[in-house]
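Here is the structure we will look at.
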Amino acid sequence: MDSHQAPVVVHTEEADCPFCSSSGRHEWFNRPLASDGGCAIAVPSLGAFMPGYLLVVPIEHVTATCKIPVGVKTKFATFTYNLASRLRSLYGMPVTMFEHGACTASDKARSACVSHAHLHLIPGNYNLMSEAPGEVIKHDSFQKFLEDEQDGPYLMLQDPGGPLISFKDRPSSQFFRRVLANRLGMPECWDYALFPFFDNVKRTYQDFDSEVSLGSCRVRS
């Protein structure tokens with residue numbers, strides 16, 4: 001995994017996509033923290049409720065992570081596992097993972113607010129499992145989840161130490177972010193566009209930069 005070196009390059013002509021459009025790529029907050037062989041990048045999440053909140057974004061324009069090309073699913077899963085490990089090391093806490101999977105373009109209400117797939121990694125445990133309905137699909141691992149393509153919009157989550165599950169989408173924009181905002185005592189701050197929390201985004205860059213610098217010092221010593 002190479003840090004700080006990969007430009008945001010996506011193989012798509014989706015001009016309206018914030019992850020694909022050339023204008024969006026050059027924003028300071030879209031500088032990748034890490035990348036993996038043209039498969040995916042990691043960037044701090046706008047709307048970061050705390051430092052270390054990352055988005056894992058596939059290079060290809062797909063509407064959900066389970067739609068990633070078969071040939072790179074293993075690399076994407078490994079990249080995600082490695083990022084979660086780095087977050088645990090940096091922040092000294094477990095990591096929660098979730099996704100609002102769009103799957104298909106639709107005018108109907110859904111949780112995904114951006115059609116380009118992006119996986120959320122956030123330090124801490126927020127008991128998102130309590131929001132799951134009675135009927136869920138359990139997956140043996142994130143790798144197995146990626147291999148099981150879904151046709152309709154979905155929600156996917158994994159609490160620290162818990163099973164990875166997916167279930168039918170909820171027609172509420174940024175569903176899990178609404179839950180997190182409530183858990184954190186700031187229920188009005190769920191919308192990343194209205195509350196970008198730029199200070200936490202900047203802190204995430206600083207923390208990863210410090211990690212790289214310390215690693216370099218250890219190598220030289």
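You'll find the side chain of Ser166 stays beyond 4.5 Å of the side chain of Leu155, heavy atoms only. When side chains are defined from C-beta on, Phe29 does not count as touching Val43, because their heavy atoms never get closer than 4.5 Å. For the pair Met156/Ile165, no side-chain contact is recorded, criterion being any heavy-atom separation below 4.5 Å from C-beta on. At a threshold of 4.5 Å between non-hydrogen side-chain atoms, the residues Cys189 and Phe197 count as touching. In this structure, the side chains of Tyr81 and Gln143 come closer than 4.5 Å at one or more pairs of heavy atoms. Annotation: side chain of Ile68 is not in contact with side chain of Glu60 (no heavy-atom distance under 4.5 Å). In this structure, Thr80 and Phe142 have side chains that are in contact, with non-hydrogen atoms separated by less than 4.5 Å. Using a 4.5 Å heavy-atom threshold, the side chains of Val95 and Gln158 count as separate.
For the residue pair Val201 and Pro196, the shortest heavy atom distance occurs at CG2-O, 3.9 Å. Between Pro94 and Pro160, the shortest heavy-atom distance links the atoms CB-CB, 3.4 Å. A pairwise comparison of heavy atoms in Gly101 and Ala64 identifies CA-CB, 4.2 Å as the closest pair. The minimum heavy-atom distance linking Leu121 with Ala84 is given by the pair CD1-N, 4.2 Å.
Of the inter-residue distances, the one linking Tyr126 atom OH with Phe98 atom CZ reads 9.5 Å to the nearest 0.5 angstrom. Taking OG1 of Thr204 as the start and CG of Asp209 as the end, the distance is 10.5 Å to the nearest 0.5 Å. How far CG of Leu146 is from NZ of Lys75: 14.0 Å, rounded to the nearest 0.5 Å. Remark: Asp140 CG to Leu164 CG distance equals 10.0 Å, nearest 0.5 Å. A distance of 8.5 Å separates CD of Gln150 from NZ of Lys67, quoted to the nearest 0.5 Å. If you take CG on Asp207 and CZ on Arg86, they are separated by 11.5 Å, rounding to the nearest 0.5 Å.
In the hydrophobic cluster analysis, where Ile, Leu, Val, Met, Phe, Trp and Tyr join through side-chain heavy atoms closer than 4.5 angstrom, Met186 is grouped together with Phe195. Note on Trp190 and Ile122: separate hydrophobic clusters, where clusters join Ile, Leu, Val, Met, Phe, Trp and Tyr whose side-chain heavy atoms are under 4.5 Å apart, directly or indirectly. No single ILVMFWY cluster, assembled from side-chain heavy atoms under 4.5 Å apart, contains both Val70 and Phe79.
In this structure, the side chain of Tyr205 engages the main chain of Arg31 through a donor-acceptor pair within 3.5 Å. Between the side chain of Lys73 and the main chain of Cys66, a donor-acceptor pair closer than 3.5 Å is present. With hydrogens and angles ignored, the 3.5 Å screen pairs a side-chain donor or acceptor of Glu99 with a backbone N or O of Thr65.
The existence of a salt bridge linking Lys144 and Asp148 is excluded, since no basic side-chain nitrogen approaches an acidic carboxylate oxygen closer than 4.0 Å.
In this structure, the side-chain contact (heavy atoms from CB on, under 4.5 Å) partners of Lys202, at least two apart in sequence or on a different chain, are Trp28. With sequence neighbours left out, the side-chain contact (heavy atoms from CB on, under 4.5 Å) criterion links Pro123 to Tyr91, Met93. Scored by the side-chain contact (heavy atoms from CB on, under 4.5 Å) test, Asp159 finds Thr96, Asn125, Asn127, Leu128, Met129, Leu157 as partners (sequence neighbours excluded). Judged as a side-chain contact (heavy atoms from CB on, under 4.5 Å), and not counting sequence neighbours, the contacts of Asn182 are Pro187. For Arg183, the salt bridge (Lys or Arg N to Asp or Glu O under 4.0 Å) test picks out Glu131, with sequence neighbours left out.
Heavy-atom neighbours of Glu188 CD from other residues, nucleotides or ligands within 6.0 Å: above the threshold of 12.
Here the two rings, on Phe145 and Tyr154, have centers that are under 6.0 Å apart.
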Could you tabulate the donor-acceptor pairs under 3.5 Å formed by side-chain atoms of residues 52-59, not counting sequence neighbours?
| residue | atom | partner | partner atom | Å |
| --- | --- | --- | --- | --- |
| Tyr53 | OH | His120 | ND1 | 2.8 |
| Tyr53 | OH | Arg177 | NH1 | 3.3 |

Go through the steps to decide whether Asn200 and Phe49 satisfy the test side-chain contact (heavy atoms from CB on, under 4.5 Å), and finish with yes or no.
CA-CA 7 Å; Asn200 287 335; Phe49 294 122; 5.6 Å; no

